[in-house]
Amino acid sequence: MGLATTFIGGALGTSVHVLTNGVMKIPYSRKPWLHVGYFFLGGYAAHKWLALEEKILDDINEIRADKGMPPMVGSGYWLKYQKPEGGL
């Protein structure tokens, strides 16, 4: 999922640059090197977002384990955030 997220972030980064050019009413292809730059910047941001999300979930599960509660996140689910089977 990391590779897909990186490409989606890259596409969003490029879209930001194209949208900015459109708002300023200048040609979309002006400064094309920024298209590439924003692609890599968006991909990097998306990749870091995944790492941050995993770290936060690990911290939450560690806190829940200290309190004797089941983990919040089940492994192998398409939707990661689900209520624990034992209740809250």
Side-chain angles (χ1 to χ4, degrees):
M1 184 116 171
L3 185 63
T5 304
T6 303
F7 279 122
I8 290 171
L12 287 173
T14 302
S15 300
V16 165
H17 179 61
V18 171
L19 180 67
T20 303
N21 284 352
V23 168
M24 292 190 299
K25 297 191 187 283
I26 58 177
Y28 296 128
S29 61
R30 187 172 184 184
K31 297 182 181 178
W33 57 88
L34 287 178
H35 288 48
V36 176
Y38 280 116
F39 181 86
F40 285 118
L41 186 65
Y44 177 75
H47 183 71
K48 283 306 211 182
W49 178 263
L50 281 181
L52 178 67
E53 185 180 27
E54 287 179 15
K55 182 186 176 300
I56 289 171
L57 289 175
D58 288 342
D59 290 345
I60 289 172
N61 285 335
E62 183 179 331
I63 291 169
R64 289 178 67 89
D66 289 343
K67 293 182 178 183
M69 300 169 74
M72 179 179 160
V73 180
S75 60
Y77 291 117
W78 177 256
L79 299 173
K80 293 200 278 189
Y81 306 107
Q82 296 186 6
K83 290 184 180 179
E85 293 178 8
L88 297 173

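Just so you know, residue 1 is the first one in the sequence shown, and it goes up from there.
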Shared ILVMFWY cluster between F7 and Y44, side chains joined below 4.5 angstrom?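 F7 does not cluster with Y44.
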Roughly how far apart are [X] [atom1] and [Y] [atom2], rounded to 0.5 Å?
| X | Y | atom1 | atom2 | value |
| --- | --- | --- | --- | --- |
| I56 | N61 | CD1 | CG | 12.0 Å |
| L52 | L57 | CG | CG | 9.5 Å |
| L41 | T14 | CG | OG1 | 10.0 Å |
| D58 | E62 | CG | CD | 8.5 Å |

Is there a side-chain contact between R64 and I60 in this structure, where contact means two heavy atoms from C-beta onward sitting under 4.5 Å apart?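 Contact flag for R64/I60 side chains = yes.
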Atom pairs and distances, side-chain donor-acceptor, residues 22-33, under 3.5 Å, sequence neighbours left out:
none

Mind listing the closest non-hydrogen atom pair of G9 and A46 along with its distance?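 Nearest pair, atom of G9 first, then A46: CA-CB, 3.8 Å.
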Are more than 12 heavy atoms from other residues, nucleotides or ligands located less than 6.0 Å from atom NE2 of H47?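 No, NE2 of H47 has 12 or fewer neighbouring heavy atoms, counting only those of other groups under 6.0 Å.
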Quick check on F39: does its CZ atom have over 12 non-hydrogen neighbours (other residues, nucleotides or ligands) under 6.0 Å away?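 Counting neighbours around CZ of F39, more than 12 heavy atoms of other residues, nucleotides or ligands fall under 6.0 Å, so yes.
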